[in-house]
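Every heavy atom of this structure was used, including side-chain atoms; hydrogens, water molecules and symmetry mates were not. Chain identifiers are assigned alphabetically (A, B, ...) following the order of the sequence lines, protein sequences preceding nucleic acid strands; residue numbering begins at 1 within each chain.
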Amino acid sequence: MTIQTRVLFAVLYVVLTPFVIGLLDGFDRKISARMQGRRGPSVLQPFFDLKKLFEKEFLTANKMQLFLIRSYLCFIVLSGIIFFAGFDLLLVIFSLSTAAMFLILASTATHSPFASQGTSRELVQIMACEPMELLVAVGFYLATSTFTVSDIVTKSPVANIRFLPGFFVGFVFILTIKFRKSPFDISTSHHAHQEVIKGVTSEMVGKEYAMVTIAEWYENAILLGIVGLFFVSSNILTVIGAVIAILVVWFLEILIDNTSARVKWQLMLKLAWGTTIVAAGMNLFLLEIIRG
Amino acid sequence: MGQFLPFSKQVLKNLFSEPATTQYPFVPREYPERTRGHVDIDKDSCILCGMCMRSCPPGAIKVDRAGKTWSINRFDCIQCGYCTEKCPKKCLSITPGYQEPGPEKFVYMVEVPYEPPKPAAKPATPTPSQS
Amino acid sequence: MQELKTDLFLIDKAELLNIIMEKKNALWRLCQICCSYPKAEDHFEITYSFANGQELANYRLIAEREEEVPSISRVYKSAIYYENEMHELWGLHVENIKQDFHDKLYRIDVETPFLEKEEKNDGE
Amino acid sequence: MEVLVTALICFPFLWAILPAVIHNSKRRAFTVYLGCGIVMVLSVFTAIQWYLAGGQTLDFRLPYQEAFGEIFLWGDIFLMCFITYLSYKHNRLIIAFLSIISTVVPTILEKFGPELPAGPTMRFDWLTFIMVLIIGVVGSLIGVYAVGYMHGFHIHHHKEVTDRRSFFLSMIFVFFGAMFGLVTSANLLGLYFFWEITSVTSFLLIGYTRTDEAINNSFKALWMNLLGGCGLAVAISVGIIYFNTANLYTLIAAAVKTPTKMLCLLPIAMLAFAALTKSAQFPFSGWLLGAMVAPTPSSALLHSATMVKAGVYMLIRLSPAMADNYVGNMVALIGGFTFVAASCFAITVSDGKKVLAYSTISNLGLIVACTGCGYEETIWAAVFLVIFHAVSKSMLFQCVGAIETTIGSRDVEDMQGLMSIFPKLAFILMVGIAGMFLAPFGMLISKWAALKAFIDTSSVYVSTLMVMFICFGSATTMFYWTKWMSKILGASKREKSRDLTKKNEYISMFFHAFMMISLILGFPWLSEHVLKPLSNDMFGVVKQVISYENMVIMIVLLCGVFVIPFINYLLTKGQKGKKVITYMGGANAGDNFNFVSATGDPREMDISNFYMEDLMGEKKLFTPAILISSFIIVVYLIIVVGGALQ
Amino acid sequence: MAKIHKSPWLLHYDGSSCNGCDIEVLACTTPVYDVERFGVINTGNPMHADIFLITGGINSQNEAVVKQIYDQMPQPKVVIAVGTCACTGGIFKECYNIKGGADTVIPVDIYVPGCAARPESIIDGVVKGIGLFKEKAAALAAQSKA
Amino acid sequence: MGNRSVVPFGPQHPVLPEPVHLDLVLEDEKVLAAIPSIGFVHRGLESLTSKKDFNEMVYVAERICGICSFMHGMSYCMALEDIMNVEVPRRADYLRTIWGEMSRLHSHLLWLGLLADGFGFESLFMHSWRLREKILDMFEASTGGRVIFSVNTIGGVLKDMPADMLKDFVRQLDEMEKEIRETTAIFLDDYTVKSRLVDIGIISGEDAIRRGAVGPMMRASGINVDMRKNGYGAYNDIDFEVITSNKCDSYARCEVRIGEIFQSIDIIRQCVAKIPDTEINTKVTGMPNGESIIRVEQPRGEAFYHVRANGTKFLDRFRVRTPTFANIPALAQTLQGCQYSDVPLLVLTIDPCISCTER
Ligand code: SF4
Ligand code: SF4
Ligand code: SF4
Ligand code: SF4
Ligand code: SF4
Ligand code: SF4
Ligand code: SF4
Ligand code: SF4
């Protein structure tokens with residue numbers, strides 16, 4: 001991949017993500033509402049929300065929070081750039097977890113009961129997901145002998161999902177957690193009605209909260225990008241397949257969100273790790289055997 | 001689907017059918033006739049006896065015999081209907097349609113034409129509220 | 001013990017704990033404790049109600065204004081709330097409640113609202 | 001060179017006499033500073049000398065080698081008698097037994113066995129170079145720190161403990177000498193002697209306070225280390241009997257040449273076994289945890305930052321002989337398992353020192369796993385890990401010690417809001433923690449390389465398991481470090497108080513922080529100029545482990561970690577934000593720390609992290625972890641021993 | 001008809017209501033009334049809230065709570081008193097532990113009468129609140145520019 | 001060890017529509033101690049007897065709680081009817097029973113919704129509340145109010161339900177029954193829901209009695225007690241079985257309430273079939289003198305009314321012990337040792353109504 005295309009992709013990512021994912025989020029809310037028999041908000045609602053949040057007065061319980069949140073946002077974007085510019089997948093995941101750390105620091109800086117309890121949950125959540133995220137990178141390495149995203153795309157003659165069904169299942173499973181959908185006790189879940197209020201974001205006011213939202217969008221773009229990565233190959237037409245796959249996964253997540261209760265984090269950890277070990281582990285083992 | 005996501009059937013059905021949401025406030029709501037909305041007075045039959053004032057549990061009604069006014073603070077009325085029962089002339093009624101929300105708690109006041117000694121009274125115009 | 005009404009018995013302080021223990025051992029549940037200060041009588045009436053299945057039994061204790069009544073919260077834990085309430089709202093002295101909120105169960109601004117008012121109404 | 005190395009080994013032993021005889025506190029401190037300074041200068045000078053000489057592997061004999069041989073021999077016997085006496089005194093005869101076996105057998109063989117060819121007994125190569133630097137620099141900084149710390153320990157905090165500082169400080173020097181000897185010896189007999197010295201000094205340091213707990217733990221450390229010593233003894237015996245050599249490198253070369261012959265693997269397996277005990281891998285991790293009873297943090301950090309490195313040093317040495325064979329698999333599995341298990345335990349403890357101990361075990365597990373894999377990439381990663389780990393662990397231990405002195409507790413939960421009251425200490429702690437797990441600090445790069453290498457490991461089972469171990473292990477590692485970090489940044493409940501940390505403690509800590517940061521910045525250089533030749537040394541190949549591209553990204557990330565927060569800090573500094581109290585459901589009693597409780601009175605709010613004791617607590621998982629790891633070791637040893645005896 | 005696209009997030013606090021108004025507030029978020037049509041989200045957190053819906057009167061214990069929650073909401077914010085109790089104290093205003101409507105501790109912007117306030121009425125109140133919110137936001141923006 | 005958290009929970013909290021406060025001592029998320037505190041809704045309405053006459057008190061009683069407002073009004077009227085020896089016309093009894101059961105229906109559906117919200121099942125919450133709206137529509141059509149009805153009066157009821165209205169209601173209930181069955185099946189079958197309910201908050205039958213629990217809380221622990229079996233209102237003519245469960249956990253409480261939903265529909269059907277054609281109220285004159293104790297089975301359990309009159313229009317004592325008040329000690333026990341995530345859920349499983357608890 002030439003440096004120009006890399007830069008192009010990175011710029012596209014930075015510029016387009018808020019619009020695309022914001023819109024997806026809007027549709028998410030609309031579809032959820034319809035699934036609940038409601039009419040729901042306009043699909044542009046996420047943007048109205050953001051605008052409003054930026055207009056709010058800035059209150060804070062601890063000044064350190066703002067700068068940590070900005071760092072969180074920057075790191076997420078940086079990870080996204082690494083990913084979309086086609087660099088090392090493993091590094092993307094490492095730098096995502098570094099970003100998450102900033103969020104965690106931001107939330108505990110306030111000494112708030114709900115933010116702190118939420119932080120602990122957030123940590124558990126990261127711990128539940130991280131093995132699977134790393135394994136996805138491992139899976140791609142096994143299938144293509146490289147961690148580099150651009151090589152994964154250009155050097156695979158067929159979509160890698162062929163070799164990695166188990167990894168895909170595991171990844172979709174943890175996406176439910178990553179997308180902050182309700183099936184799990186997630187502190188920043190989009191449904192406020194839980195014991196830790198809004199968890200890590202409890203104390204974030206106005207623009208701080210807006211930044212966290214935007215950061216989440218950027219993160220979701222990376223995650224959906226990884227979903228797509230399972231489906232693309234060097235054939236340009238597979239991009240269409242990837243987009244369809246992304247939409248299907250996205251819809252599936254909404255469906256799961258609307259058809260299950262929020263289970264406790266203990267079960268979340270067990271299920272996430274269990275799925276990781278079973279689905280991804282089996283797949284890993286088989287791939288290793290094939291490679292000899 | 002057994003234990004796993006059994007709700008998806010209904011959820012998907014909802015997704016593809018008309019939502020239950022009413023279009024209020026873009027389409028006005030029709031109320032059943034018994035709806036207890038707000039208290040209205042037939043000011044012509046009122047005899048300013050004050051029975052309603054004394055019986056009203058939150059004390060929303062004021063009857064001023066001397067000033068010849070009957071007034072109600074609709075932000076205080078609980079639509080219990082006790083006044084309508086107690087009114088000897090049955091001139092109070094609870095009718096559909098509620099007091100619109102507003103930034104101020106105002107009092108709705110009517111001048112009652114009833115004149116105990118002299119039967120002839122000037123027709124008084126009710127002061128319209130700013131609703 | 002004297003039957004005032006169906007299922008309503010008047011007891012004195014000495015009998016109280018016996019009855020409570022009896023009820024507890026027979027696995028009756030404590031329904032409620034009601035304190036009142038009837039204007040005419042000028043004393044506290046504390047009514048303990050117990051139920052077993054559909055059955056009901058009420059026991060009434062009479063206490064003077066400054067008299068202390070024993071707490072039953074060590075036998076029936078749920079009595080804590082009733083007893084704290086009686087103390088906070090009526091000013092009835094209950095000895096030795098298992099978990100004493102010290103008039104901060106409801107945290108009201110008025111002192112013993114029920115008792116004071118009854119006094120005033122007396123004069124009316 | 002020979003002279004320098006000899007001096008490096010002998011000087012600390014001799015210098016150790018000084019603190020032992022000087023009882024004036026000031027003068028003794030001075031001698032210790034001076035000694036540490038000399039050790040540091042000497043080690044750096046030696047290393048540089050060697051580096052400038054072209055960095056060629058040097059094989060040589062010590063001057064007066066025969067005399068040294070005798071010293072080693074009688075030293076071994078002396079140690080044996082000493083241990084036997086102590087175990088007799090404390091009624092632990094099994095330990096005496098272990099000691100006697102492990103000393104007598106090689107001694108007899110050496111004295112009465114076949115005459116061994118007089119080859120070189122020492123070696124100085126790239127790995128030695130790194131180890132010498134670590135021991136010299138980190139070790140002597142620890143020495144500096146110990147003076148101040150031990151002063152505080154006795155004078156201010158623990159008046160009930162007999163003041164045996166002289167003994168303590170001289171032991172530190174003995175320890176240095178032993179470590180230098182250990183990493184330069186090529187002859188197993190010499191190596192064995194130094195090995196035993198480290199075991200015994202560690203035993204003495206752990207038992208320093210002479211409480212019952214300390215004595216118990218010190219014996220625990222002793223028997224585990226002696227068990228390892230037995231392994232070493234067996235290796236020596238096998239070497240002498242079957243291969244007619246006591247030279248480590250000859251044995252390794254033999255194993256590399258015929259990796260399928262079990263007999264060649266046997267000494268390697270035994271040496272590896274010994275190394276596993278020393279590096280506190282499961283099931284032998286108990287002693288390192290026990291070592292935490294010693295005065296915080298000096299002996300703890302001696303153990304965590306330097307002594308345990310003896311074990312991994314040995315494994316790195318052995319790793320070419322462990323590529324894709326049973327021994328390698330055993331070591332890798334034990335390491336990987338330890339990595340995950342110890343990091344799980346680290347989640348469940350709240351004592352800062354214990355967290356560090358478990359994290360040490362866990363990180364060593366990763367290093368051990370890397371060595372067991374025996375590829376260039378993994379060795380690259382392993383050496384990096386050793387370097388980073390030594391520096392950051394030493395720093396962390398010192399810092400926790402200083403915090404303990406200052407706030408009176410080393411519980412992680414009590415460190416809440418350290419950033420606002422003791423920013424200096426907190427900063428050091430943060431750098432140390434970040435170094436342990438954050439992208440793109442050293443540990444993470446190494447993890448990256450290790451993961452890649454494990455995928456390529458040829459044994460399917462080992463590869464699958466190892467990949468899983470690393471993935472899960474990094475998740476759990478992240479958990480306990482992040483929660484600690486978040487605690488430090490939290491809002492402080494304490495009043496600002498006087499920082500009781502001594503100046504020399506700060507000097508040591510800041511020096512570490514400085515080293516840490518320069519290591520990170522100098523990491524590409526390090527990779528290019530130290531690790532490449534090292535790999536060339538050991539494997540005869542030079543491999544670009546980390547691509548140029550990734551190097552750039554890492555540097556970008558690295559800058560990011562420092563620059564992004566800094567810029568954001570500057571940008572947000574001027575922000576006017578109205579301060580509000582935190583949200584507590586409307587129950588705040590006026591501030592962020594108290595709430596109106598159910599009884600109507602203000603009650604202090606406490607917030608603590610998750611420890612998941614029910615899920616992965618020591619009580620629940622420790623025994624299974626020991627059993628599993630013992631099982632792995634026993635099975636593999638049986639395979640190797642059985643194969644050799646056939 | 002023009003839709004009202006703003007995103008006021010609600011905070012609901014039950015002062016000392018009888019629940020009648022509370023459940024009607026909740027009913028507003030459910031399918032039949034669905035206030036999310038206007039972007040309304042029932043957040044539980046004052047730090048995120050724009051509109052404070054308060055039901056029930058003020059008593060000695062919740063006085064401080066209401067005040068505190070109100071203070072924790074960032075500007076611009078709108079307070080809507082839902083139900084007769086929150087407007088004036090309603091039927092309970094003579095109770096010894098009722099100090100009056102919500103306006104006894106915090107400034108109320110919109111009063112929604114009714115016992116219980118009907119969902120339609122609450123929606124009207126919220127829509128008016130949104131209007132007010134817009135004005136306040138504009139004022140705040142002007143102020144911060146100045 | 002320092003790894004304990006002491007945190008406040010409430011009074012303002014999104015999972016609790018009503019203000020309750022708990023001091024929680026947590027280890028990780030395990031609740032080691034939970035001390036409930038009340039009083040945020042305390043109004044002191046029992047004291048209004050000295051300011052409002054016994055007729056006005058009907059409206060006060062209704063506003064003890066906006067969920068079972070009907071039952072409160074009814075119980076109060078029953079107590080005064082008892083004191084004043086008024087014979088209530090039979091049709092009024094039947095109407096009261098019908099409205100009472102409708103209240104139970106709406107309350108249980110509301111509870112199911114809140115429970116779903118409590119464990120984060122948003123669409124199930126929406127579903128339950130959508131079904132509940134239909135009951136509210138029936139209320140509005142028959143009484144003019146959605147949650148507060150003002151149809152009770154001492155001596156009977158104020159509004160009649162014509163026969164065709166009753167028939168229409170039964171038809172609507174028939175239609176709803178299928179939908180309710182589908183929805184409630186999710187509560188009983190779904191894996192994720194079960195993971196939140198089964199074996200959570202266990203309280204044995206004996207403990208339930210010792211702590212004085214009432215209603216579904218008690219019936220879910222296998223105790224067969226239902227005040228309706230005392231035969232007030234029209235219940236002596238109605239054929240129904242008390243629903244109990246022996247599982248003693250949150251799931252059992254859910255099961256019992258779901259069973260009661262269908263039972264209520266059945267009772268309404270029976271009432272409509274049997275309702276006699278009489279007056280709907282009798283005129284009451286004079287002042288009450290005497291005392292009466294009335295126990296009524298509200299959706300949340302037994303409510304205990306104790307009214308004492310002294311021959312004036314101001315009552316001596318008006319005492320309401322509501323079911324939630326009785327269930328709080330049992331709640332405190334179930335909270336011990338549960339998980340933080342279970343706290344709101346357990347609070348919900350007693351179907352709390354704080355406004356009635358604190359009056
Ligand atoms: S009831 Fe009769 S006496 Fe009493 S106020 Fe009314 S009219 Fe006057
Ligand atoms: S309806 Fe009730 S509250 Fe309203 S005015 Fe009449 S008596 Fe008063
Ligand atoms: S409305 Fe009726 S009760 Fe009221 S003053 Fe007029 S006549 Fe009397
Ligand atoms: S109708 Fe009744 S209330 Fe009115 S004046 Fe006559 S007696 Fe008095
Ligand atoms: S930290 Fe504790 S053990 Fe260490 S010196 Fe201070 S008081 Fe003693
Ligand atoms: S206004 Fe009426 S319904 Fe609303 S809280 Fe007050 S009493 Fe209850
Ligand atoms: S339980 Fe209480 S707070 Fe919750 S909806 Fe019912 S009445 Fe409202
Ligand atoms: S228990 Fe509460 S909700 Fe139920 S009727 Fe009684 S007061 Fe209302």
**Student:** Against chain A, label F:L345 side chain, backbone, both or neither, depending on which of its atoms sit under 4.5 Å from a heavy atom there.
**Tutor:** neither

**Student:** Name all residues meeting the ring-ring contact (aromatic ring centres under 6.0 Å, His included) criterion together with A:W273; count only those two or more places apart in sequence or in a different chain, and write none if there are none.
**Tutor:**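 By the ring-ring contact (aromatic ring centres under 6.0 Å, His included) rule, A:W273 matches D:F472.
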
**Student:** Is it the backbone or the side chain of F:V193 that comes under 4.5 Å from a heavy atom of chain A, or both, or neither?
**Tutor:**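 When you check distances to chain A, atoms from both the backbone and side chain of F:V193 fall under 4.5 Å.
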
**Student:** Please flag which part of F:I200 lies under 4.5 Å from any non-hydrogen atom of chain A: side chain, backbone, both or neither.
**Tutor:** side chain

**Student:** In sequence, state the C-alpha distance, the side-chain angles, and the governing distance for A:Y218 and A:L73, and then conclude on side-chain contact (heavy atoms from CB on, under 4.5 Å).
**Tutor:** CA-CA 8 Å; A:Y218 275 111; A:L73 176 61; 4.2 Å; yes

**Student:** Looking at A:N283 and A:A279, would you say the former's side chain and the latter's main chain have a donor-acceptor pair under 3.5 Å?
**Tutor:** no

**Student:** Listed by chain and number, what are the ring-ring contact (aromatic ring centres under 6.0 Å, His included) partners of A:F171, not counting sequence neighbours?
**Tutor:**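 Applying ring-ring contact (aromatic ring centres under 6.0 Å, His included) to A:F171 gives none.
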
